[in-house]
Amino acid sequence: DISTVDNHPVGDAADIGAVEQIVEIDVKPGSDTNPVNLKSNGVIPIAILTTDYFSATDYTFGSFELTMALGDESWTITVEPAHGVGHYEDVDGDGDLDYLLHVSTPSLLTPELLDLLADDVAKRTRFEVSLTAEAEDEVGDLLQIEGYDTMDLMVPGKAKSAKKHK
């Protein structure tokens, strides 16, 4: 998992009057490559991890934005929990509760992504992703958090490169 990414898009904390904090996220917990089949009608789990410096259970979350980047291209989409709300569970097996959000796979199919996929993008392409969320603590203080990971977007049926013949 990537906790920092050079040249990543950063959300504007001034918009919600909060301090920004970098947190650890995990796209598709348990997977190192985070494959996402873009023709799926399923969901993509994204965890906001509890660490030594951030406790996910101290907050309720809302206003999720997912920024996807490939090379010089990046775009941000507002995402809603696929089931209406996320939930807390220990996704990384460390004994601490993390926040788990499920994002609808079809919600990623923005015009920007479709344009990239129409170009000469490989059948499986690694995108950098950042998740920004508004977090509210028990006294109502707001904090904008942001975390980074990668996602391997797969386009089933996209032409493979030519095979070598013996």
Side-chain angles (χ1 to χ4, degrees), residues 1-70 73-113 126-154:
D1 296 325
I2 297 172
S3 56
T4 60
V5 175
D6 292 337
N7 300 318
H8 62 270
V10 176
D12 185 1
D15 288 348
I16 59 171
V19 176
E20 182 176 292
Q21 180 172 347
I22 303 300
V23 298
E24 290 185 33
I25 67 166
D26 190 2
V27 175
K28 295 192 79 169
S31 172
D32 291 332
T33 59
N34 310 329
V36 174
N37 176 349
L38 289 173
K39 291 190 176 180
S40 164
N41 286 322
V43 296
I44 305 158
I46 303 175
I48 300 171
L49 301 176
T50 291
T51 61
D52 291 340
Y53 59 88
F54 181 81
S55 176
T57 57
D58 289 345
Y59 297 92
T60 55
F61 297 94
S63 303
F64 297 99
E65 290 185 338
L66 190 66
T67 299
M68 300 178 65
L70 178 65
E73 301 288 327
S74 69
W75 60 95
T76 301
I77 57 174
T78 300
V79 292
E80 298 291 330
H83 307 295
V85 65
H87 63 277
Y88 297 92
E89 78 176 70
D90 183 9
V91 299
D92 55 3
D94 65 358
D96 296 321
L97 292 177
D98 310 296
Y99 183 80
L100 188 61
L101 165 74
H102 288 97
V103 174
S104 164
T105 302
S107 71
L108 300 182
L109 297 175
T110 63
E112 295 88 352
L113 181 58
R126 177 158 291 175
F127 285 75
E128 293 178 356
V129 295
S130 68
L131 178 73
T132 305
E134 183 178 282
E136 184 175 351
D137 68 13
E138 58 198 34
V139 295
D141 290 335
L142 297 178
L143 175 72
Q144 182 170 337
I145 63 162
E146 190 165 29
Y148 309 94
D149 202 353
T150 59
M151 188 182 303
D152 283 4
L153 299 183
M154 299 182 305

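FYI, side chains are in, hydrogens and waters are out, and symmetry mates aren't considered; it's all heavy atoms of this structure. Numbering of residues begins at 1 and proceeds along the displayed sequence.
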Novice: So Glu73 and Glu112, do their side chains get closer than 4.5 Å, heavy atoms only?
Specialist: no
Novice: Who are the ring pair (Phe, Tyr, Trp, His ring centres under 6.0 Å) partners of Phe64, not counting sequence neighbours?
Specialist: none
Novice: Locate the shortest heavy-atom distance separating Asp152 from Arg126; write the atom from each residue and the value.
Specialist: OD1-NE, 2.7 Å
Novice: Hey, can you pull the donor-acceptor pairs under 3.5 Å for the side chains in residues 77-85, sequence neighbours left out?
Specialist:
none

Novice: Contact between His102 and His87 at the side-chain level, heavy atoms closer than 4.5 Å - yes or no?
Specialist: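 A side-chain contact exists here, since the closest heavy-atom pair is under 4.5 Å.
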Novice: Side-chain contact, heavy-atom cut-off 4.5 Å: Ile22 with Phe54?
Specialist: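 No; the side chains remain at least 4.5 Å from each other.
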Novice: What heavy-atom pair brings Asp149 and Ile25 nearest, and what distance separates the two atoms?
Specialist: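 Here Asp149 and Ile25 meet closest at OD2-O, 3.9 Å.
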Novice: With distance as the sole test, does Asn34 use its side chain to make a donor-acceptor pair with the main-chain N or O of Thr150 at under 3.5 Å?
Specialist: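 Yes: the side chain of Asn34 pairs with the backbone of Thr150.
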Novice: Sequence neighbours left out, what passes side-chain contact (heavy atoms from CB on, under 4.5 Å) with Pro35? Give chain and number order.
Specialist: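 Result, side-chain contact (heavy atoms from CB on, under 4.5 Å) vs Pro35: Lys28, Ser31, Thr33, Arg124, Met154.
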Novice: Where do Ala56 and Thr50 come nearest, in terms of heavy atoms and distance?
Specialist: N-OG1, 3.0 Å
Novice: Mind checking whether Val129 and Ile46 have side chains closer than 4.5 Å, heavy atoms only?
Specialist: no
Novice: Could you work out, with salt bridge (Lys or Arg N to Asp or Glu O under 4.0 Å) as the rule, every residue matching Asp92, not counting sequence neighbours?
Specialist: none
Novice: Please name all residues satisfying side-chain hydrogen bond (donor to acceptor under 3.5 Å, both in side chains) with Thr57, sequence neighbours left out, ordered by chain then number.
Specialist: Ser55
Novice: Applying side-chain hydrogen bond (donor to acceptor under 3.5 Å, both in side chains), name anything that partners Ser107, two or more places apart in sequence or on another chain.
Specialist: none
Novice: Is there a side-chain contact between Met68 and Thr110, using heavy atoms and a 4.5 Å cut-off?
Specialist: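 Side-chain contact under 4.5 Å: no.
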Novice: Tyr53 versus Gln21: any side-chain heavy-atom pair under 4.5 Å?
Specialist: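 Yes, close enough: below the 4.5 Å cut-off.
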Novice: I'd like to check Asp98 versus Asp90 (side-chain heavy atoms, cut-off strictly below 4.5 Å). Are they in contact?
Specialist: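 They are in contact (side-chain heavy atoms under 4.5 Å apart), so the answer is yes.
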Novice: Atom OH in Tyr148, atom CG in Asp26: separation rounded to 0.5 Å?
Specialist: 16.0 Å
Novice: If we check side-chain contact (heavy atoms from CB on, under 4.5 Å) with Ser40, which of these qualifies: Val36, Asn37, Ile44, Val43?
Specialist: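 The single option meeting the side-chain contact (heavy atoms from CB on, under 4.5 Å) with Ser40 is Asn37.
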Novice: A side-chain contact here means heavy atoms from C-beta on lying under 4.5 Å apart; do Ile48 and Leu131 qualify?
Specialist: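 They are in side-chain contact.
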Novice: Evaluate Tyr59 against Ile145 for side chain to side chain contact (heavy atoms under 4.5 Å, CB included), listing each step before the verdict.
Specialist: CA-CA 11 Å; Tyr59 297 92; Ile145 63 162; over 6 Å; no
